[in-house]
Amino acid sequence: MEQKKGKQHERYTAIDKIYHIIREKQKGEGVCVCLPSILSLCAASSSQKLASSSIHSSVKGNTMEAIRNLKIKTSTCKRIVKELHSYEKEVEREAAKTAAMKDNGADPYDLKQQENVLGESRMMVPDCHKRLEAALADLKSTLAELEETTGPEVEDAKKTVADVEKQFPTADA
């Protein structure tokens, strides 16, 4: 904001200098120069430039921010898919360990502890599914905002959505 004020101050200082130069040149000729008319002409021309540049930078900034959010949300979906696979493998591993302990006649206390570990691992899978569905919906909404945008980030996000929907079909897919 300070930078904009500085540029605006420089602009008015330049306009003021122009006004004084014109006044000095035309004093002898009896021509009256009106400062407000100079200011309005300069302001009109510069405000059009400022408006068009600020609109362009605003659109560019919003697109860049949306692309950044898209990257983050794509990475989130990928990470949650990895977590889900990890939890599923953990459940298989812990189930095999529990079955082996039962077959070997392990201590009832140790068996109970192992069943608790297995139960906690199994609870993580539905939780991870819920987080994946939420992240996928979030990614889809961000992707919808960028429907007219192209680029590697958008293609990666579309591929991620397709992969996730193929691996884990949801009710809305």
Measuring from atom [atom1] of [X] to atom [atom2] of [Y], what distance do you get when rounded to the nearest 0.5 angstrom?
| X | Y | atom1 | atom2 | result |
| --- | --- | --- | --- | --- |
| I80 | K130 | CD1 | NZ | 13.5 Å |
| H129 | L136 | NE2 | CG | 12.5 Å |
| Q113 | T98 | CD | OG1 | 11.5 Å |
| D138 | L70 | CG | CG | 10.5 Å |
| N69 | L143 | CG | CG | 12.5 Å |

Checklist entry - With hydrophobic residues grouped by side-chain heavy-atom distances under 4.5 Å, do V91 and L111 end up in a single group? => result no
Next on the checklist: Hydrophobic cluster membership, with links at side-chain heavy-atom distances under 4.5 Å among I/L/V/M/F/W/Y: are V125 and V117 in one?
Outcome noted: no
Quick one: side chains of residues 150-163, donor-acceptor pairs under 3.5 Å with protein atoms, not counting sequence neighbours, listed by atom name and distance.
| unit_1 | atom_1 | unit_2 | atom_2 | d |
| --- | --- | --- | --- | --- |
| D156 | OD1 | K78 | NZ | 3.1 |
| D156 | OD2 | K78 | NZ | 3.0 |
| K159 | NZ | D163 | OD2 | 3.2 |
| T160 | OG1 | D156 | O | 2.8 |

Next on the checklist: Has T76 got a side-chain atom pairing as donor or acceptor with I72's backbone, closer than 3.5 angstrom?
Outcome noted: yes
Checklist entry - Do S121 and E90 get their side chains close enough for a donor-acceptor pair, meaning under 3.5 Å? => result yes
Next on the checklist: Do H85 and E88 make a side-chain contact, defined as non-hydrogen atoms from C-beta onward lying under 4.5 Å apart?
Outcome noted: yes
Next on the checklist: Between M101 and E115, is there a side-chain heavy-atom distance shorter than 4.5 Å?
Outcome noted: no
Item to check | Any residue meeting side chain to side chain contact (heavy atoms under 4.5 Å, CB included) with E83, in chain and number order, not counting sequence neighbours | outcome: R79, Y87, C128, R131
Item to check | Residue pair L118, K97: steps toward the side chain to side chain contact (heavy atoms under 4.5 Å, CB included) verdict | outcome: CA-CA 9 Å; L118 178 60; K97 189 175 179 180; over 6 Å; no
